[in-house]
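First the proteins, then the strands, lettered A, B, ... as listed; each starts at 1.
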Number of protein chains: 2
Amino acid sequence: MDIDLTATEENYLKAIYKANESSSSLASTNTIARYLSTSAASVTDMMKKLSQKNLVIYQKYHGVKLSQEGSRLATALVRKHRLWETFLVEKLGFSWEEVHDIAEQLEHVRSNELVDRLDQFLDYPKYDPHGDPIPSADGKFTLRERIALSNLSIGESSILVGVKHHDKVFLDYLNQNRINIGVTMNILSKSLYDHSIRVLIENETEILVTDETAKNLLVRKLSAD
Amino acid sequence: MDIDLTATEENYLKAIYKANESSSSLASTNTIARYLSTSAASVTDMMKKLSQKNLVIYQKYHGVKLSQEGSRLATALVRKHRLWETFLVEKLGFSWEEVHDIAEQLEHVRSNELVDRLDQFLDYPKYDPHGDPIPSADGKFTLRERIALSNLSIGESSILVGVKHHDKVFLDYLNQNRINIGVTMNILSKSLYDHSIRVLIENETEILVTDETAKNLLVRKLSAD
DNA sequence: AATTATTTTTAGATAAGCCTAAATTCTTAT
DNA sequence: ATAAGAATTTAGGCTTATCTAAAAATAATT
């Protein structure tokens, strides 16, 4: 039932998946090339190949999107990636900024049995260490409401449930400020000038975050109490 | 400090490692080709390449062996492979005949940190699910005496500590007879005709094994009691 | 609407890893 | 000691995934 793809083909599928996810229109050749740090020419080549295999719907000069089958495979990859990240953090004690590159390799290991047993071993987690949803074996996501911290009003309380970007520099910054998935964040005040926000973390420490940062912090609002 | 090798190069190193291990003389091109299911011509190509990188000592027409650095890398691979096999069996509940192919993939994941944390997570195991020694981070093996069951005399008791071959058919056969690492094996009698042996497993069940099978079962003798 | 700029595709090359067939070297047997 | 046989290497090609440079198509601007 599962086709055997090379790691490279899988990476292209994931790139298209991400591009499709974040823009709703067709993914452009350049977008994919940029994401994979490769040339536009290489992308075109691969699009022909994946199109041949019916994994993508590709219109010359106009862009590409995943077919149903391609989407299924990409979701399976996301599942693998996020399960491995969870394993690395929960079981091996890595911190969330270290796991991406390793999971990037582990996700290409071929064995459905392995993934499903890993899922079981981790007790069927619904979210990975960055707060992103982990698709179930049949490709279903458990979504939850997440709004940017920047959208909260003064006095509102929330819990951090995700981060928009996963780059090391950003995550290191969060670590330094003891900010992790699950911490409570109360809005103390907002600057009218630059929209920076004073936030109380875990009802303990107070920090100042820029508007840009606040947009990358995804929270769940707590009902006032 | 670590050179980045392709998975293919790593597989060649491992093949040479195994060949060197089991024959003491130089590994021949054909031996390696057979082991990797590839052509002799491909092996020659790769030997030139690995020789260039000083990972093997290669004499045209005469064979090849690992250099010190090649040996270090091969040992690290064996370590990874056996740790992953241990993980798959101990933590994910695979049985010993299922893990080889998956570990074969996992061993190529590049991250020293990962291997060392996995080692710690597994509580620094000294032997893998097949009873083979797992090299420590600095490449040291903890060897133990193992003799073939076929060498025991009537009346002697032993514990199974390893198997010579890892092929699925053999391991499946052992599973069917409830034979696993750790079981006790008492020699009841030996046939003078075909050297087959009647063995009492775990002081419970009695089975008949051929001489061939007995040669593949590695045991530790129990002092008579 | 035409021209410029940008994006994308095509064309032609390269490197890794593999193959088969032919040539070479080593081994063995007479 | 030499010829036959076996093993190994070389030569020449193939595929995948990549690249740069040139050509073609689309988008943007005046």
Side-chain angles (χ1 to χ4, degrees), chain A residues 3-16 19-20 22-66 70 73-74 77 104-105 107-108 110, chain B residues 3-16 19-20 22-66 70 73-74 77 104-105 107-108 110:
Chain A
I3 314 144
D4 253 8
L5 301 180
T6 64
T8 309
E9 289 171 323
E10 289 187 340
N11 286 333
Y12 273 96
L13 285 186
K14 251 186 41 181
I16 300 165
N20 282 168
S22 70
S23 93
S24 84
S25 58
L26 295 182
S28 79
T29 302
N30 265 348
T31 303
I32 299 166
R34 216 172 304 121
Y35 181 82
L36 294 174
S37 304
T38 188
S39 71
S42 300
V43 175
T44 301
D45 281 352
M46 186 57 91
M47 290 313 102
K48 286 181 191 166
K49 192 169 154 194
L50 294 179
S51 185
Q52 199 67 39
K53 296 190 181 187
N54 290 312
L55 299 176
V56 303
I57 293 150
Y58 169 54
Q59 290 180 273
K60 262 193 192 179
Y61 293 102
H62 292 289
V64 69
K65 67 175 179 179
L66 295 174
L73 291 173
L77 281 169
E104 201 76 8
Q105 297 179 66
E107 77 189 0
H108 296 300
R110 262 181 287 276
Chain B
I3 313 144
D4 252 9
L5 301 179
T6 65
T8 309
E9 289 171 322
E10 289 187 339
N11 285 335
Y12 274 96
L13 285 186
K14 251 186 40 180
I16 300 165
N20 283 167
S22 70
S23 91
S24 82
S25 58
L26 294 182
S28 79
T29 302
N30 264 348
T31 303
I32 299 167
R34 217 174 304 120
Y35 181 83
L36 293 172
S37 305
T38 187
S39 70
S42 300
V43 175
T44 301
D45 281 352
M46 186 57 90
M47 290 314 102
K48 287 182 190 166
K49 193 169 154 194
L50 294 179
S51 185
Q52 197 68 39
K53 296 190 182 186
N54 291 311
L55 299 176
V56 302
I57 292 151
Y58 169 55
Q59 290 180 273
K60 262 193 191 179
Y61 293 104
H62 292 290
V64 70
K65 66 174 179 179
L66 295 174
L73 291 173
L77 280 168
E104 203 75 8
Q105 296 180 66
E107 76 189 358
H108 297 300
R110 262 181 289 275

Name the pairs: protein N/O against N/O of nucleotides 19-28 of chain C, kept only if under 3.5 Å.
from   : atom 1 : to      : atom 2 : distance (Å)
C:dC19 : OP2    : B:Thr38 : OG1    : 2.7
C:dC19 : OP2    : B:Ser39 : N      : 2.9
C:dC19 : OP2    : B:Ser39 : OG     : 2.8
C:dC19 : OP2    : B:Ser42 : OG     : 2.7

Checklist entry - Between A:Tyr12 and A:Leu36, is a side-chain contact (heavy atoms from CB on, under 4.5 Å) present by the stated rule, with each step listed? => result CA-CA 8 Å; A:Tyr12 273 96; A:Leu36 294 174; 3.4 Å; yes
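- Between A:Glu107 and A:Glu10, the shortest heavy-atom contact is O-OE1, 4.3 Å.
- When all heavy atoms are compared, the tightest approach of B:Thr31 to B:Ala19 is CG2-CB, 4.2 Å.
- Rounded to whole angstrom, the span from the CG atom of A:Asp4 across to the C1' atom of D:dT16 amounts to 15 Å.
- Between A:Glu104 and A:Lys14, the shortest heavy-atom contact is OE2-NZ, 3.2 Å.
- At a non-hydrogen distance threshold of 4.0 Å, nothing from residues 23-36 of chain B comes into contact with DNA chain C.
- A heavy-atom distance below 4.5 Å is found between the side chains of B:Val56 and B:Leu13.
- In this structure, A:Met47 atom CE and D:dT18 atom P are separated by 10 Å, rounded to whole Å.
- To the nearest angstrom, P of D:dT15 lies 15 Å from CD of A:Glu9.
- Residues B:Ala40 and B:Thr29 approach most closely at O-CG2, 3.5 Å, considering heavy atoms.
- Listed by chain and residue number, A:Asn20, A:Leu26, A:Ile57 satisfy the side chain to side chain contact (heavy atoms under 4.5 Å, CB included) test with A:Lys65 (two or more places apart in sequence, or in another chain).
- Residue A:Lys48 has no polar side-chain atom (N or O) positioned under 4.0 Å from OP1 or OP2 of C:dT9.
- One atom, CG of A:Leu5, and another, C1' of D:dT16, lie 14 Å apart when rounded to the nearest Å.
- A pairwise comparison of heavy atoms in A:Ile32 and A:Ala15 identifies CG2-CB, 4.2 Å as the closest pair.
- The separation between B:Tyr12 atom OH and C:dA16 atom P is 14 Å, rounded to whole Å.
- For the OP1/OP2 pair of D:dT8 and a distance below 4.0 Å, the side-chain nitrogens and oxygens of B:Tyr58 include no atom meeting the criterion.
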